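Heads up: the structure comes next, in structure tokens.
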Protein chains: 2
Amino acid sequence: MKLDLTDLRILNALQQNGKLTMKELAGSMGLSITPVYERIKYLEKQKYIKKYVALVDRKKIGKEILAFASVTLTSHQRPMIEQFEKEVLPLKEVMECYHMAGVMDYLLKVCVDDMDAYQRFVVNKLAVMENIAQVHSWFILDDIKTDTSVPIHIPD
Amino acid sequence: MKLDLTDLRILNALQQNGKLTMKELAGSMGLSITPVYERIKYLEKQKYIKKYVALVDRKKIGKEILAFASVTLTSHQRPMIEQFEKEVLPLKEVMECYHMAGVMDYLLKVCVDDMDAYQRFVVNKLAVMENIAQVHSWFILDDIKTDTSVPIHIPD
DNA sequence: TCTCAATAAAGAAAATTTTTCTGTTAAATG
DNA sequence: CATTTAACAGAAAAATTTTCTTTATTGAGA
């Protein structure tokens, strides 16, 4: 039920490098393959590990624009909220979408080819939604750090 | 040099599921294992694929707080910029950090256990930096969409 | 048109990894 | 002190990755 130090070390290693072999992991932590194998299967089954993915370099495939878009809705009624969230999910330009506390309702991370595509996205995909009040955009000049790994504190 | 349709389909498949086997990929695209293998190796070598990672469920390991922090510096002189970026990188609470265009200088995605930890992070790690002028925080109520996959348009 | 070279893909064998299975050790419990 | 259970080790089996050899296909130039 509760993760021990070994589990946390495995999680941490795999979120840095998902291609580590059982052998490599076992070696680095002074165990045989079996316990490492069984722990990984447990972490996967219990969904501590949500999935494994390849991270693609967006600029190398021509996605020059990464931006955050804040969205404010006209109404915070339950059906409005649900409608917006349902419509945002299938938009592939939207890599991330968060329901926010405070001045904005949603914050979206948007990835597109160029400014032209961004403009089309906002005008044709966001602004057409029924209950959108405001959209503000902030553009990223440079990626300083882009980690997918959740901070895991390993006591030693 | 330029990626063709098959390369894009492989990239797209692997950024959804990094554990797909060559056999599965080959089968789904009507090819044998060899061309799939060679294309993947090419995509890795050329860094179209930056890395493979396991995605960990932050809440399941007790990270209840995910927030964005905007940072404004007191000065935009080159050395100040570089100093800030150098100091942010090793902070493991900071999963992402972007240099922004416009009103804020940096936007950080921060992940910690609880509000207490967030407060300590801002006060002890951010506010102690030499050239920080302002820090504003926005807290996430709910994750609506959290994709790591770059939108890839596959013509068909 | 023919030949040659280059590219892409197929198929099979070798190497490595994952997965399963069996047995051992150690800790904990009654 | 005996017994049960959990964690681990080691080896065998199954599957996957990697390498190697061969076959088509295409395009350029003689």
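All figures in this text were calculated on a predicted structure; none of them were measured in a lab. These numbers come from the heavy atoms of this one structure, side chains and all, not from hydrogens, waters or symmetry mates.
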Partners passing salt bridge (Lys or Arg N to Asp or Glu O under 4.0 Å) against Asp147(B) (at least two apart in sequence or in another chain): none
Could I get the full list of salt bridge (Lys or Arg N to Asp or Glu O under 4.0 Å) partners for Glu44(B), not counting sequence neighbours? Lys41(B)
Quick one: do Asp4(B) and Arg39(B) make a salt bridge, cutoff under 4.0 Å? yes
State which residues pass ring-ring contact (aromatic ring centres under 6.0 Å, His included) with [X]; sequence neighbours excluded, sorted by chain then number.
X	value
His99(A)	Tyr106(A)
Tyr52(A)	none
Phe68(A)	Phe68(B), Tyr98(B)

For Val123(A), what are the other residues in its hydrophobic cluster, where any two members join if their side-chain heavy atoms are less than 4.5 angstrom apart? none
Hydrophobic cluster of Met80(B), others only, ordered by chain and residue number, side-chain cut-off 4.5 Å: none
Pairs: protein N or O with nucleotides 19-21 of chain C N or O, under 3.5 Å:
{"unit_1": "dT19(C)", "atom_1": "OP2", "unit_2": "Lys41(A)", "atom_2": "NZ", "d": "3.1"}
{"unit_1": "dT19(C)", "atom_1": "O5'", "unit_2": "Tyr37(A)", "atom_2": "OH", "d": "3.4"}
{"unit_1": "dT20(C)", "atom_1": "OP2", "unit_2": "Tyr37(A)", "atom_2": "OH", "d": "3.2"}

[atom1] of [X] versus [atom2] of [N]: gap in Å, rounded?
X	N	atom1	atom2	result
Arg39(B)	dA10(C)	CZ	P	10 Å
Lys23(A)	dT18(C)	NZ	P	10 Å
Lys2(B)	dT7(C)	NZ	P	18 Å

Partner residues of Lys23(B) under the side chain to side chain contact (heavy atoms under 4.5 Å, CB included) criterion, sequence neighbours left out: Thr21(B), Ile33(B)
Take Thr21(A) and Ser32(B), find for each the nucleotide of DNA chain C with the closest heavy atom, and name the residue whose nucleotide sits nearer the 5' end. Ser32(B)
Heavy-atom contact window of chain B on DNA chain D, given 5' to 3' at under 4.0 Å: dT16(D) to dT19(D)
Could you tell me which residues satisfy side-chain hydrogen bond (donor to acceptor under 3.5 Å, both in side chains) with Asp116(B), sequence neighbours excluded, listed by chain and number? Arg120(B)
Within residues 12-20 of chain A, the residues having a heavy atom closer than 4.0 Å to DNA chain C are none
